[in-house]
Amino acid sequence: MKIFYDTEFLDDGRTIDLISIGMVAEDGRELYAVSSEFDQAAVRQHGWLMANVWPSLPIAKNPPGHRGIEHLDLGHPDVRPRAQIARLVQNFIHATPNPDLWAYYAAYDHVAYAQLFGPMSQLPAGLPMQTDDLVTEAKRLGLTPQDLPKQEGGHHNALADARHNAVIARFLEEQATWTH
């Protein structure tokens, strides 16, 4: 069964710091989690992340001791430590028969997912060691990213993006049946 997912992350060219992950299984189950451990100060200094990802996160306005500076709402139920997110992701995938991961421009998403568990060699048994790429599948079908369905809202919210990945996959499956 396919699992469509997306991650948001801070990338400094050496490390990929997970901000959030969203997963949608073909059977309708969903998972969304925001890391309580990402470097908020570094994100605040990153113009693109502040404009595109930060607004979709659970934010506490003027938390005690931080007047005038927005912070991640650590009390929000979606905000969790990385170790807890790793357990949630592992349980979600293990509850999926024959899991097959899919993402849009999947390379960094796969690294962010795998690093939840440490080095690749420590990926727990039963978790996919590979993510299929929706863009590669589109190319195989003779399509470009511009040919794919456009996302109406929720851009750069990991769960909204994962849901849209499922839409793209259904579109690609329809295109594949037309070409055969």
Side-chain angles (χ1 to χ4, degrees), residues 1-9 11 16-38 53 56-58 76-143 145 147-180:
M1 176 182 298
K2 292 178 182 157
I3 298 173
F4 306 98
Y5 78 106
D6 183 67
T7 62
E8 300 301 335
F9 51 83
D11 166 33
I16 298 174
D17 190 9
L18 180 74
I19 296 172
S20 60
I21 187 168
M23 297 184 126
V24 175
E26 284 183 301
D27 62 8
R29 290 175 302 114
E30 295 184 341
L31 170 70
Y32 179 65
V34 176
S35 173
S36 62
E37 299 174 35
F38 71 86
V53 175
S56 76
L57 300 175
H76 192 280
D78 291 336
V79 179
R80 303 164 181 269
R82 285 176 57 88
Q84 189 177 31
I85 294 172
R87 284 191 301 278
L88 290 170
V89 166
Q90 183 173 3
N91 291 340
F92 187 87
I93 293 172
H94 280 162
T96 307
N98 302 314
D100 192 15
L101 298 180
W102 284 82
Y104 185 81
Y105 286 106
Y108 275 52
D109 293 308
H110 185 79
V111 173
Y113 143 77
Q115 284 183 344
L116 279 169
F117 306 97
M120 183 67 104
S121 62
Q122 291 180 9
L123 200 61
L127 296 189
M129 293 187 71
Q130 184 254 334
T131 297
D132 289 307
D133 191 340
L134 292 163
V135 174
T136 301
E137 179 62 5
K139 286 179 184 178
R140 188 186 74 76
L141 294 171
L143 302 169
D147 296 323
L148 302 177
K150 304 299 176 243
Q151 187 170 345
E152 296 299 320
H155 293 277
H156 307 297
N157 170 285
L159 182 56
D161 290 351
R163 288 173 179 154
H164 187 66
N165 288 347
V167 169
I168 291 171
R170 282 192 293 278
F171 172 80
L172 293 174
E173 287 171 2
E174 290 170 6
Q175 298 306 306
T177 57
W178 284 102
T179 61
H180 286 76

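Positions are given from 1 along the sequence.
From D78, atom CG reaches atom CD1 of I21 across 13.0 Å, with rounding to the nearest 0.5 Å. L127 contributes atom CG, which lies 5.0 Å from atom CZ of F117 (distance to the nearest 0.5 angstrom). Going from atom NE2 of H110 over to atom CG of D132 covers 10.5 Å, rounded to the nearest 0.5 Å.
Listed here is the closest heavy atom pair of Q90 and P124: NE2-CB, 3.4 Å. The two residues L101 and I93 make their nearest non-hydrogen contact at CD2-CD1, 4.3 Å. Across every non-hydrogen atom of G22 and A162, the tightest pair is O-CB, 3.5 Å. Heavy atoms only, all atoms of each residue included: Y32 and S56 are closest at OH-O, 4.0 Å. Across all non-hydrogen atoms, the minimal contact from G153 to A160 is O-CB, 4.4 Å. The two residues L18 and S35 come nearest to each other via the heavy atoms O-CB, 3.5 Å.
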Using side-chain contact (heavy atoms from CB on, under 4.5 Å), reason through T96 and K2 one step at a time and then give a plain yes or no.
CA-CA 8 Å; T96 307; K2 292 178 182 157; over 6 Å; no

Where do V24 and L159 land on the side-chain contact (heavy atoms from CB on, under 4.5 Å) test, with the steps shown first?
CA-CA 8 Å; V24 175; L159 182 56; 3.9 Å; yes

Between F38 and L57, is the side-chain contact (heavy atoms from CB on, under 4.5 Å) condition met? List the steps.
CA-CA 12 Å; F38 71 86; L57 300 175; 4.0 Å; yes

Given F4 and I168, is the side-chain contact (heavy atoms from CB on, under 4.5 Å) satisfied, shown in steps?
CA-CA 10 Å; F4 306 98; I168 291 171; over 6 Å; no

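Although no hydrogens or angles enter the test, the distance criterion places no donor-acceptor pair under 3.5 Å between the side chain of Q151 and the main chain of H164. Side-chain N or O atoms of R80 include none that pairs as donor or acceptor with a backbone N or O of A33 at under 3.5 Å. In this structure, the side chain of D100 does not engage the main chain of M1 through any donor-acceptor pair within 3.5 Å.
If you run side-chain contact (heavy atoms from CB on, under 4.5 Å) between L148 and each of V167, L134, L172, only L172 comes through. Put simply, the residue from D6, I16, N165 that forms a side-chain contact (heavy atoms from CB on, under 4.5 Å) with D109 is D6.
By the 4.0 Å N-to-carboxylate-O rule, R170 lies too far from E173 to be salt-bridged with it.
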